Chemist: 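I'd like to ask you about the structure that follows.
Because the structure is predicted, anything quoted here is derived from the model rather than measured. Residue numbers start from 1 in every chain, and the chains themselves are labelled A, B, ... in the order their sequence lines are given, proteins ahead of strands.
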2 protein chains.
Amino acid sequence: MMDADRAGSPDQTETSSGTAIDSIYRELRRRIIDGIYLPEQKLKIEHLRAGFQVSSSTVREALTRLTSDHLVTAEEHRGFRVTPMSMADLEDLTQARIVLECTALRDSISHATEDWERKLVRAYQRLTRAENRLLHDAASFETWEECNRDFHDALAANSHSMWLKRLRQLLFQQSERYRRLSSLVATSRAEVHAEHMAIFEAAIAHDAERAAALLLDHVWRAANVIRDNAALREALEKGSKRRPCSK
Amino acid sequence: MMDADRAGSPDQTETSSGTAIDSIYRELRRRIIDGIYLPEQKLKIEHLRAGFQVSSSTVREALTRLTSDHLVTAEEHRGFRVTPMSMADLEDLTQARIVLECTALRDSISHATEDWERKLVRAYQRLTRAENRLLHDAASFETWEECNRDFHDALAANSHSMWLKRLRQLLFQQSERYRRLSSLVATSRAEVHAEHMAIFEAAIAHDAERAAALLLDHVWRAANVIRDNAALREALEKGSKRRPCSK
DNA sequence: GAAGGCCATACTATCGATATTATATCCAGT
DNA sequence: ACTGGATATAATATCGATAGTATGGCCTTC
């Protein structure tokens, strides 16, 4: 009844996920990261319920889950809203990311294995292709972002610490919000690619210190690019004090 | 402001919370950390609902929230259960904690202010008292744990990075689970107190490197104590493979 | 004309019941 | 006996409705 819309292939066990909560959770997450829902925007249950054609409880649980990702903030008796963004938060986030990303990378390298390196090479190559394509095809941004995420995941993947990886991923997701906000069209692609390459090579060479230092720079610069670019957008931030319309 | 839930107000942080979900959330969290609910134990909604005299939705949301703390794990169509514990996880957790605790402490010291130091002194003094009391009053363990938490919170409190503090707190909470599991009766109290004192003095002296190094040792040793003590309990862990009865 | 309290309105929190899905049980077929 | 599968059972996911709270506007009062 409810999933009649995407029915059709009997063999396929559900495209996105079995449970409605989960698919709504994912969709909302996407919208928040993509900036479709703006920071501090109110997320009214009734409104979303109607949009998704599900019951309020379902939306409610999806929102509660988003709270774990710190993408949504709940206030008692005042419902849910998109977690705010600010330059201060970006600064903070970047600092924390550097700690986790670099630690995880060092750890990865110190446990280096054939298998990990193979995967890292693959991720790097895909990213390289995506970065080349991006030079003349601005529409492939989506793909690039995915490859970028996979590459950074791959760098950390070999760390034995699930906790480091888990927390790292949480922060990375947060940083994606900021990256989207500042449509980083103006970024000098070449530089970013050079940074990725340098990190990759240091990692493959098992030079943990060098790799970590390069990664530190990389994360830091990316944040700077966002900050500068978002200088324009900051107006938007300040403007959001006047509570953006929810409808 | 918004996360004042477990802040250092010793007077009243209580059940009187406006919403039912929240009070059940807290109670469940307490039970899990205290080990009343064992690792991997199934948390059946219907059973809890009856116990708390509330509706299933309420319990469900409380459980979903616990997922953020990684105290509860949800599997699709298979409900919720207490997140497993293992020696491997303790190892991992300790490593990650060291990174965050030490970074936060360094950061705290580098921004040192009068006010912070005052608060740190107070927390240290309370902890000292609690540790003395603990020598002849084993029942005051509860209090000690609270003071210990406050002291470590205070060490990190002056860091400007909300993210570091947030993640640090998450991991600290996790470590409390392990501390409880191994009723650390046998711990040589004197040593622990000496470690606390040394960290405190280095922090007050603004010797960030020394303080961080001492804290590293402290966290590491605490984990070792737990591991050794829990060697006995490990049987329990292995035994849990045979899924503990959920009633 | 401004401060303060009261009511209508809009949501949220909570409920109890139903639809779905997994797990355990039991029976046939080899 | 043992595997395979149909059915009963137990829990979960989802629903739709109601009880409870905050918020903003309106009216009274000074």
Chemist: Does C:dT23 have its OP1 or OP2 closer than 4.0 Å to a side-chain nitrogen or oxygen of B:Lys44?
Modeler: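 For B:Lys44, the contact criterion (side-chain N or O under 4.0 Å from OP1 or OP2 of C:dT23) is not met.
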
Chemist: To the nearest Å, how far apart are B:Arg81 CZ and C:dT23 P?
Modeler: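 Interatomic distance, CZ of B:Arg81 to P of C:dT23: 10 Å.
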
Chemist: What's the closest nucleotide to the B:Ser57 side chain, out of D:dT14, C:dT12, C:dC15?
Modeler: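 Out of D:dT14, C:dT12, C:dC15, the nucleotide with an atom closest to B:Ser57's side chain is C:dC15.
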
Chemist: Could you check which of D:dA22, C:dT14, D:dT12 has an atom nearest any side-chain atom of B:Lys42?
Modeler: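 My answer, after comparing the listed nucleotides, is D:dT12.
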
Chemist: Is the distance from OP1 or OP2 of C:dT23 to the nearest side-chain N or O of B:Arg78 less than 4.0 Å?
Modeler: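 Yes, B:Arg78 has a side-chain N/O under 4.0 Å of OP1/OP2 on C:dT23.
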
Chemist: Quick check: on DNA chain D, is the nucleotide nearest A:Ser56 upstream (toward 5') of the one nearest B:Gly79, or the reverse? Name the residue that is more 5'.
Modeler: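 Going by which nucleotide is closer to the 5' end, it is B:Gly79.
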
Chemist: Whether A:Arg166 engages the ring of A:Phe172 as a cation-pi pair (distance to the six-membered ring centre under 6.0 angstrom, angle to the ring normal within 45°) should be assessed.
Modeler: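 No, A:Arg166 does not sit over the ring of A:Phe172.
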
Chemist: Find the distance A:Glu75:CD to D:dA22:P and express it as a whole number of Å.
Modeler: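 Computing the A:Glu75:CD to D:dA22:P distance gives 12 Å.
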
Chemist: I want to verify a distance call: between C:dT14, C:dA22, D:dA13, whose nearest atom is closest to the A:Thr19 side chain?
Modeler: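 So the nucleotide nearest the side chain must be D:dA13.
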
Chemist: Over how many whole Å does the gap from B:Ile45 atom CD1 to C:dC15 atom C1' extend?
Modeler: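 In whole Å, C:dC15 C1' and B:Ile45 CD1 are 14 Å from each other.
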
Chemist: Given the side-chain rings of A:Trp163 and B:His70, with only the six-membered ring counted for Trp, is the space between their centroids under 6.0 Å?
Modeler: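 A:Trp163 vs B:His70: aromatic centres under 6.0 Å.
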
Chemist: If the cut-off is 4.0 Å, is B:Thr58 near the phosphate of C:dA13, judged by side-chain N/O to OP1 or OP2?
Modeler: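 For C:dA13, neither OP1 nor OP2 has a side-chain N or O of B:Thr58 closer than 4.0 Å.
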
Chemist: Looking just at side-chain N and O atoms, do A:Asp107 and A:Ser159 make a donor-acceptor pair shorter than 3.5 Å?
Modeler: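 There is such a pair (donor and acceptor under 3.5 Å, judged by atom type) between the side chains of A:Asp107 and A:Ser159.
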
Chemist: Does one side chain, of A:Tyr25 or A:Arg65, offer a donor that lies under 3.5 Å from an acceptor on the other?
Modeler: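 Side-chain D/A pair, A:Tyr25 to A:Arg65: absent.
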
Chemist: Can you tell me if B:Thr64 and A:Thr64 form a side-chain donor-acceptor pair at under 3.5 Å?
Modeler: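 Per modelled atom types, B:Thr64 and A:Thr64 side chains form no pair under 3.5 Å.
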
Chemist: Whole Å only: how far is the CG atom of B:Asp22 from the P atom of C:dA13?
Modeler: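 So the two atoms are 11 Å apart, to the nearest Å.
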
Chemist: For A:Gln41 and C:dC11, what is the distance between atoms CD and C1' respectively, to the nearest whole Å?
Modeler: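 Taking atom C1' of C:dC11 as the reference, CD of A:Gln41 is at 16 Å.
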
Chemist: How far does the helix from C:dG1-D:dC30 to C:dT30-D:dA1 bend, going by the axes of its first and last five pairs, to the nearest 10°?
Modeler: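 So the angle between the two local helix axes works out to 0°.
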
Chemist: Check the distance between D:dA10's C1' and B:Arg49's CZ and give it to me in whole angstrom.
Modeler: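 Between C1' of D:dA10 and CZ of B:Arg49: 14 Å.
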
Chemist: Measure CD/A:Glu61 against C1'/C:dA13 and give the value in whole Å, please.
Modeler: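 Taking atom C1' of C:dA13 as the reference, CD of A:Glu61 is at 15 Å.
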
Chemist: If the test is side chain to side chain donor-acceptor pair (under 3.5 Å), which one of A:Arg180, A:Glu101, A:Arg97, A:Arg149 qualifies with A:Ser175?
Modeler: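 The residue from A:Arg180, A:Glu101, A:Arg97, A:Arg149 that satisfies side chain to side chain donor-acceptor pair (under 3.5 Å) with A:Ser175 turns out to be A:Arg97.
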
Chemist: Which is it for B:Glu146 and B:Arg126 under the salt bridge (charged side-chain N to carboxylate O under 4.0 Å, His left out) test, yes or no, and what are the steps along the way?
Modeler: CA-CA 10 Å; B:Glu146 198 181 311; B:Arg126 273 206 304 271; over 6 Å; no

Chemist: In whole Å, I'd like the distance from the NE2 atom of B:His47 to the C1' atom of D:dT12.
Modeler: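 For the pair B:His47 NE2 and D:dT12 C1', the rounded distance is 16 Å.
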
Chemist: Closest-nucleotide mapping onto DNA chain C: is B:His77 or B:Ile21 further toward the 5' terminus? I mean the 5' end.
Modeler: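 Mapping each residue to its closest nucleotide by heavy atoms, the 5'-most match is B:Ile21.
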
